[in-house]
Structures are given as structure tokens and as C-alpha cells.
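Have a look at the structure below, then the notes.
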Amino acid sequence: MKQTQPPLEIAMLLYPGLTLLDLIGPQTVFSWFANIHLVWKTKDLVISDTGIGIQPSATFQTCPRELDVLFVPGGFGQNAIMGDGEVLAFLADRGGRARCITSVCSGSLLLGAAGLLKGYRATSHWAAREGLSAFGAEPVDARVVVDRNRITGGGVTAGIDFGLVLLAKLRGDEAAKLTQLAMEYDPEPPFNSGSPRNAGPAIVEQAMAFMAAQMERLAG
């Protein structure tokens, strides 16, 4: 497909302990069509939840001010920055002008903390979704939620679905279909346990305990 439009300008927030797949799924979808700015306070290596380091390409000061997309991933390290004035000021500033304000997983809570989801429908990881109410957002149980220019994805793997929905919105269905095929995104999960309603109470309880332990480990 011949590209005739200029590349999208996309800023993707980094922070220690972010969930790697929250970031990499959408980043892979967007990569053919965008200048992607991986943004943090400094250009020091940022270590994700899996121990893989990510090199920021911009700081809060050098990130372009006019963006097509502002994106925030979730992750166990998120709690440490929920009240970080520097992070919230950056999100509020760029979000005030961005064409689309977006997130995957619990990244929507950071958007909410920055005042960017009040009065909007939004989703998040199933374990964090109801927390959106505290920021004036309406929690929705869905893989991807589009409310005007706020586009939010559910937990982790939903980032690919989110990326394709957003790409179709900005560059058309053909671009999104081409990307989906190139990525061979044709999932056939081996188990029907990808949501609380299908996994059953015992697995949900174990998952909650696991995630709580991970949060405690990072906090320590």
C-alpha cells in the first residue's frame, strides 16, 4: 500500500516497571505509519516488568508538543508515578492538544489522574477497571473503547486490538488490515481463560494474588 500521508506523530510514555507488551503491541502496529517518540524524564534506560530495558528517544522537554497520538501503557510500576507531578503535567500538556488520547491496560488510570478522562467512557485491565470511576470516567467492560478522541484498550494483549482500531481510525481500514496480516494476528488461544467471566473464581483468585505479590515486590 502506497503511503501518501505524512507519518503520524506518536508519543508513548515510558516508566520503570511498565508492562512491556502494553507498549510493544501497539508500537508494532503503528511502526510503519508513524514517528514514534518513546518518552521519559531522562534518556536513561527504562527497565520494564519483564526486565527488558527500553531506550527512551525523547524526554518530556524534547517530545514534540503537537501530537497525533498520546499513549500510556499500564504496568506494576504505575503506582509509583500516579502522583508524580512531572508525569501528570506532561500528560495534561500533551493531552490538551493531541488528536487522540489513548492507553492500554491500567494506563487509563494515569490518563484519569492527569484529568484526561473525566466524562469519557473508558476501559482498563479487568482488575483495575472500576478504579476509573474515581477520575470521573465511566468504566466499560470491553476489549477496546472509543469515546470521541479517547481510545482505551483492556489488559496487555488487548493492545494489539487497540492499535489496529486506532490505526483504522487514523489511516483507514486497509492500512489496519494490511498490518494485521503482516503481523499474522490471527489468535487461537489454547485455553478459554482470558477473562474473569471465563476463567472461573479459582483462577481469578490466584491471578489477583499473583498480581498483588508483583506489586509488593516492585514497591519494596
Is there a path from [X] to [Y] through hydrophobic residues (I, L, V, M, F, W, Y) whose side chains come within less than 4.5 Å of each other?
X	Y	value
Leu167	Val146	yes
Val144	Met12	yes
Val165	Val72	yes
Val156	Trp126	no
Val104	Met183	yes

Show the nearest heavy-atom pair for residues [X] and [Y], with the distance to one decimal.
X	Y	result
Ala127	Met208	CB-SD, 3.9 Å
Pro7	Asp68	O-OD2, 4.4 Å
Phe71	Asp22	CZ-O, 3.3 Å

Measuring from atom [atom1] of [X] to atom [atom2] of [Y], what distance do you get when rounded to the nearest 0.5 angstrom?
X	Y	atom1	atom2	result
Leu45	Ile54	CG	CD1	8.0 Å
Met82	Leu88	CE	CG	7.5 Å
Arg65	Leu67	CZ	CG	10.0 Å
Gln78	Ser106	CD	OG	3.5 Å
Asn149	Cys100	CG	SG	6.0 Å
His125	Ser103	NE2	OG	13.0 Å

In the structure I gave you, are the side-chain heavy atoms of [X] and [Y] within less than 4.5 Å of one another anywhere?
X	Y	answer
Trp32	Leu178	yes
Pro139	Thr123	no
Asp147	Glu138	no
Val39	Thr59	no
Leu70	Thr102	no
Leu181	Asp186	no
Arg99	Leu170	yes
Thr19	Ser48	no

Inset, instruction - Identify which one of Ile10, Leu14, Leu13, Val46 satisfies the side-chain contact (heavy atoms from CB on, under 4.5 Å) criterion when paired with Leu38. - result: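 Checked Ile10, Leu14, Leu13, Val46 against Leu38; only one passes side-chain contact (heavy atoms from CB on, under 4.5 Å): Leu14.
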
Inset, instruction - Go through the steps for Ile52 and Ile47 under the test side chain to side chain contact (heavy atoms under 4.5 Å, CB included), then give the verdict. - result: CA-CA 6 Å; Ile52 292 175; Ile47 305 301; over 6 Å; no

Inset, instruction - Evaluate the ring planes of Phe60 and Trp40, with Trp represented by its six-membered ring, and classify them as parallel (under 30°), tilted (30 to 60°) or perpendicular (over 60°). - result: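 Perpendicular, since the angle between the ring planes exceeds 60°.
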
Inset, instruction - Please indicate whether Arg197 has more than 12 foreign heavy atoms, meaning atoms of other residues, nucleotides or ligands, lying under 6.0 Å from its CZ. - result: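 Atom CZ in Arg197 is not crowded, with 12 or fewer foreign heavy atoms closer than 6.0 Å.
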
Inset, instruction - Would you indicate whether Glu205, at its atom CD, is surrounded by more than 12 heavy atoms from other residues, nucleotides or ligands within a distance under 6.0 Å? - result: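 Open.
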
Sidechain-backbone polar pair: [X] side chain, [Y] backbone, donor-acceptor under 3.5 Å:
X	Y	answer
Glu86	Lys41	no
Asn192	Ala199	no
Thr62	Ala58	no
Arg94	Cys63	yes

Legend entry - Arg150 to Tyr120, cation-pi by 6.0 Å centre distance and 45° axis angle: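 Here Arg150 passes the 6.0 Å and 45° test against Tyr120.
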
Inset, instruction - Decide whether a cation-pi geometry holds between Arg143 and Phe162; the criteria are a distance under 6.0 Å from NZ or CZ to the six-membered ring centre and an angle within 45° of the ring axis. - result: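 Checked: cation-pi criterion not met.
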
Legend entry - Pair Asp161, Tyr185: side-chain N/O donor-acceptor within cut-off below 3.5 Å: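 Short answer, yes.
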
Inset, instruction - Give the C-alpha distance, both sets of side-chain angles, the deciding distance and a yes or no for side chain to side chain contact (heavy atoms under 4.5 Å, CB included) between Leu8 and Val69. - result: CA-CA 8 Å; Leu8 298 165; Val69 178; 5.5 Å; no

Inset, instruction - Please assess Thr152 against Ser124 for the test side chain to side chain contact (heavy atoms under 4.5 Å, CB included), listing each intermediate value before the final yes or no. - result: CA-CA 7 Å; Thr152 52; Ser124 188; over 6 Å; no

Inset, instruction - Run the numbers on Leu111 and Phe135 for side chain to side chain contact (heavy atoms under 4.5 Å, CB included), then give the verdict. - result: CA-CA 9 Å; Leu111 291 181; Phe135 303 107; over 6 Å; no

